[in-house]
Amino acid sequence: MEADISGEFPCSSIAVDSVLRIGTAGLIWGGLTGPLDADKQGLTGLARAPFIARSIGRLGFQWGLFAAVFSFTHCGVQRYRRKADLVNVLTASVVAGTVIGGTRQWKQVAGITGLVCLLYGVNDGSRSI
């Protein structure tokens, strides 16, 4: 199912790689959705540019934070359990969802994040069979 990473790379290296990749995707997504959100709010001229810049930064940070927490937790749980299975994915996604969700509706965010990442893990595992 998953590659056994225990002993190959430190969890911090895996987390940094994930932050760079997913954080960049968040920056791109912010660059695409920022102008659309600015149009919806009717922003023009000088008010538009800072709004788009904040959108890019916010989404890049949120996506990068999720990637860091998820990959670090996934790696740590996998090394602790010495197994590469869906329990690691589910545990890491619930922890990352709880961190991202903060205090507002953290149970819902953790549950949905766990479900989405679990579905991804099932899909990823089915390709390697």
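Note that the structure is predicted; figures quoted are calculated from it, not measured.
Around the CZ atom of F66, the shell of radius 6.0 Å holds more than 12 heavy atoms that belong to other residues, nucleotides or ligands.
Screening residues 51-66 for salt bridge (Lys or Arg N to Asp or Glu O under 4.0 Å), with sequence neighbours left out, gives no hits. Among residue pairs with one or both ends in residues 20-32, those qualifying as salt bridge (Lys or Arg N to Asp or Glu O under 4.0 Å) are D17-R21; sequence neighbours excluded. Sorted by first then second residue, the salt bridge (Lys or Arg N to Asp or Glu O under 4.0 Å) pairs that include residues 64-73, not counting sequence neighbours, number zero.
With sequence neighbours left out, the side chain to side chain contact (heavy atoms under 4.5 Å, CB included) criterion links V69 to L65, T73, V95, A96, V99. Residues satisfying the side chain to side chain contact (heavy atoms under 4.5 Å, CB included) criterion with L59, sequence neighbours excluded, are W29, T33, S55, Q62, W63. Here S71 pairs with I14, A15, S18 under the side chain to side chain contact (heavy atoms under 4.5 Å, CB included) rule; sequence neighbours left out. Residues satisfying the salt bridge (Lys or Arg N to Asp or Glu O under 4.0 Å) criterion with R81, sequence neighbours excluded, are D85.
Under a hydrophobic-cluster definition in which Ile, Leu, Val, Met, Phe, Trp and Tyr are linked whenever side-chain heavy atoms come within less than 4.5 Å, directly or via other members, F61 and V19 are assigned to different clusters.
Residues T98 and V94 approach most closely at OG1-O, 2.7 Å, considering heavy atoms. Nearest heavy-atom pair across K83 and Q78 is O-CG, 3.2 Å.
Here the OH atom belonging to Y80 is positioned 15.0 Å from the SG atom belonging to C75, to the nearest 0.5 angstrom.
L20 forms part of a hydrophobic cluster together with V16, judged by ILVMFWY side-chain heavy-atom separations under 4.5 Å. The other members of the hydrophobic cluster of I28, by chain and number, are L32 (side-chain heavy atoms under 4.5 Å, ILVMFWY only).
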For residues 36-43, run the donor-acceptor check on the side chains, cut-off 3.5 Å, and write out each pair with its distance to 0.1 Å, sequence neighbours left out.
from : atom 1 : to  : atom 2 : distance (Å)
D39  : OD1    : R48 : NH1    : 2.6
D39  : OD1    : R48 : NH2    : 3.4

